[in-house]
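Indexing begins at 1, ligand by ligand and atom by atom, following the structure's order.
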Amino acid sequence: MPLVGTADVVNPAARAGRGVGAFNVIQLEHAEAIVAGAEAAGAPVILQISENAVRYHGALAPIGTATLAVARAAAVPVAVHLDHSTSPELVAEAVALGFTSVMYDASTLPYEENVRATAAVRARCHAAGVWVEAELGEVGGKDGVHAPGARTDPGEAAAFVAATGVDALAVAVGTSHAMLTRDAALDFGLIAALRAGVPVPLVLHGSSGVADRDLTTAVEHGMTKVNIATHLNRVFTTAAREALAADRTAVDTRGYLGAGRAAVAEEVTRLLGVLRATAAHATATHARAAGG
Ligand code: G3H
Ligand code: ZN
């Protein structure tokens, strides 16, 4: 199964009331692990690379090209997404490389400028057949719109989607980025209200802080794309640390990176089961959100 469009992964899931796992790639081993985990689950998946990860590598092309190659060789549908980009230039580079979608975040700008900038990026991406996720509100980092107290207003969200023409919207419903405990208190009533009022699939950011049970409930109430990064990094690092502790004379990086990769693959398979466990809850509003 080749690299597929992000809409081809997200829209069927939104119609069916299922969640889609969107997992962050930092090293090549993340991409290999996430795809191996998705293949074991028999589920589609989204590989995403954030602007912060690009900054770490110093450029998008090397890690982006490698991630696209892993996606093209997968046995399940895989989309490749640019995550949390504040730069139209980086978005253009991702489009040129063959990424199937981008998240563009102009939320630090005043509302009208945010709409104008997002709409312009959306138009350029759509001309290239690339799906666009946006975020409404404040900065989508560790604070701002994804601070635990931040909330997206359903009316404003609907107006933002209408004005920009984006394909999906990241919303603030109680999560916060980079949590190390899985005890975020989600506002399920707000998720349902957003699902009813916003005509595109909804994206949950900061999902590392959400317990399995609440991930399932969030999908049941209308979330579709579920972004998870920190949790997998913790799984990776724990396994690598254990491998290093078990052999203090080890020098081959494949020993501990391979252990991390295997642990992440297993956890991705498990998480995709958690997100998929909601097929019975498809609703008319999910179908509307996916244009079905
Ligand atoms: O965009 C990526 C995510 O929102 C990941 O957040 O590291 O808290 O799972 P997380
Ligand atoms: Zn995020």
Q) So with a 6.0 Å cut-off around CZ of R270, is the heavy-atom count from everything else above 12? A)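 Yes, CZ of R270 has more than 12 neighbouring heavy atoms, counting only those of other groups under 6.0 Å.
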
Q: Answer yes or no: are there more than 12 heavy-atom neighbours, outside E266 itself, under 6.0 Å from its atom CD?
A: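 Open: at most 12 neighbouring heavy atoms sit under 6.0 Å from CD of E266.
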
Q) Between M179 and T230, what is the shortest heavy-atom contact and its length? A)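 Heavy atoms only, the tightest pair is O-CG2, 3.8 Å.
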
Going by heavy atoms in the side chains, are [X] and [Y] under 4.5 Å from each other?
X	Y	value
V78	V4	no
N24	I49	no
S207	L215	yes

**Q.** Mutual orientation of the aromatic rings belonging to H30 and F236 [parallel < 30°, tilted 30-60°, perpendicular > 60°]
**A.**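 Because their plane-to-plane angle is under 30°, the rings of H30 and F236 count as parallel.
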
Q) Does ligand 1 have an atom that lies less than 4.0 angstrom from a heavy atom of S207? A)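 In this structure, S207 qualifies as a contact of ligand 1 - some heavy atom is under 4.0 Å.
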
Q: Run the contact test for H231 against ligand 1 with a 4.0 Å cut-off on heavy atoms, strictly below, and give the result.
A: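 Judged by the 4.0 Å heavy-atom criterion, H231 does not count as contacting ligand 1.
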
Please report whether ligand 1 has a polar contact with [X], defined as an N or O pair separated by less than 3.5 Å (distance criterion only).
X	answer
N24	no
M179	no
I228	no

(Q) Regarding D212 and R182, does a basic nitrogen lie under 4.0 Å from an acidic carboxylate oxygen? (A)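 Salt bridge between D212 and R182, a charged N being under 4.0 Å from a carboxylate O: yes.
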
Q) Where does A229 meet ligand 1, judged by heavy-atom distances below 4.0 Å: at the side chain, the backbone, both, or neither? A)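 Both backbone and side chain.
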
Q. Looking at V10, T100, V9, which one forms a side chain to side chain contact (heavy atoms under 4.5 Å, CB included) with W131?
A.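 Going through V10, T100, V9 one by one, the side chain to side chain contact (heavy atoms under 4.5 Å, CB included) with W131 is satisfied by V10 alone.
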
Check each atom of ligand 1 against the heavy atoms of [X] and keep those under 4.0 Å away; list them by number with element.
X	value
D83	1 (O), 2 (C)
T230	7 (O), 8 (O), 9 (O), 10 (P)
A178	7 (O), 8 (O), 10 (P)
H205	1 (O), 4 (O)
H84	1 (O)

Q.
If you consider just the N/O/S atoms, which atom of H205 is the closest one to the Zn ion (ligand 2)?
A.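 Minimum-distance N/O/S atom of H205 relative to the Zn ion (ligand 2) is ND1.
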
Q) atom 10 (P) of ligand 1: which protein heavy atom is closest, and how many Å away? A)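 Its nearest protein heavy-atom neighbour is S208 OG, 3.5 Å.
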
Q.
Return the closest protein heavy atom for atom 3 (C) of ligand 1 as residue, atom name and distance.
A.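 Residue, atom and distance for the closest contact: N227 CB, 3.4 Å.
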
Q | Any donor-acceptor N or O pair under 3.5 Å, side chains E51, S87 | A |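 Note: E51 and S87 side chains miss the donor-acceptor criterion.
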
(Q) To check your reading of the site, what angle at the Zn ion (ligand 2) do NE2 of H84 and NE2 of H177 form, to 10°? (A)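 So the angle at the metal works out to 100°.
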
